[in-house]
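Here's the structure, in structure tokens; my notes come after.
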Amino acid sequence: MINQEVIAQIVDLGVRPGGVLLVHTSFSRVGPVEGGPHGLIDALLMAVGPAGTLVMPSMSDDDDRPFDRETTACAGMGVVADSFWKRPGVLRSNSPHAFAAIGPHAADITADHPLEVPHGLNSPVGRVYELDGQVLLLGVGHDADTTIHLAETMAGVRYRRPKYAVVWNGAQAARVDYTEIDHCCQNFNLVDEWLDAGHRQRRGVVGHAEARLAQSRNIVEVVLERLRQNETVFLHPPGVDVECDEARASIA
Ligand SMILES: [Zn+2]
């Protein structure tokens, strides 16, 4: 498939030229496309245009070594995300929970990124929300949608899981223990029906993958509404998986 077709698919889905676009993707689902992962990135950049800002997750998934935004691989988010941060002109937040961005808002989006509240309003996903950005899921579901963690943070959910990271403390590598709003995240897929019910999600195909597009603000709004009714709406019942059990235990 040539890139012109992929660009057309992205534009048809409703991606706004000149907007802020946060993309989560699984290339094994989207491809093959001409140019491989970089061909897909090129198509996304063409779709948002020169006035647009493209954002992707760029976290290390390595808790045992200090994060270096110049060299640390993005190990767990797929080949597109790990190709994106290495491109000329792409900026990356200075956090093991890093996001990367290019475009007029890239410096703002990748500025402050606290370790212990990685997905609050003062974080890359928070600033995509503030800038009224769009969230594009290519070949992945809402279980990969970090903006839902933003909504959990804004809702003030009480559940946490223990986490740690190794950071530079001067010249010394030092372990930092903290707790983070987290669980297995499978039930983030509930957000599909919440968005679909209000016609606040566009669905289509990009490359060979199922694609979903929503406004960050709409994702946050539907999630805040559900979390207000039920703080544990995303947590599995006890005994299903360790992550949700840990989250439940933290508020028991
Ligand atoms: Zn679970």
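Along the sequence shown, residues carry numbers from 1. Each ligand, and each atom within it, is numbered from 1 in the order the structure gives.
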Assess whether salt bridge (Lys or Arg N to Asp or Glu O under 4.0 Å) is satisfied between D196 and R203, documenting all intermediate values. CA-CA 9 Å; D196 288 342; R203 291 177 184 254; 2.6 Å; yes

Angle subtended at the Zn ion (ligand 1) by H236 ND1 and C244 SG, to the nearest 10 degrees, is 120°

Counting backbone and side chain alike, does C184 bring an N/O/S atom below 2.8 Å of the Zn ion (ligand 1)? yes

Please find the N/O/S atom of D241 nearest to the Zn ion (ligand 1) and write down its name. OD1

Taking all non-hydrogen atoms of both residues into account, name the closest pair between G52 and P104 and its distance. O-CD, 3.2 Å

dist S95:OG -> R69:CZ (nearest 0.5 Å) comes out at 10.0 Å

Counting only heavy atoms not in D12 (residues, nucleotides, ligands), do more than 12 fall under 6.0 Å from its CG? yes

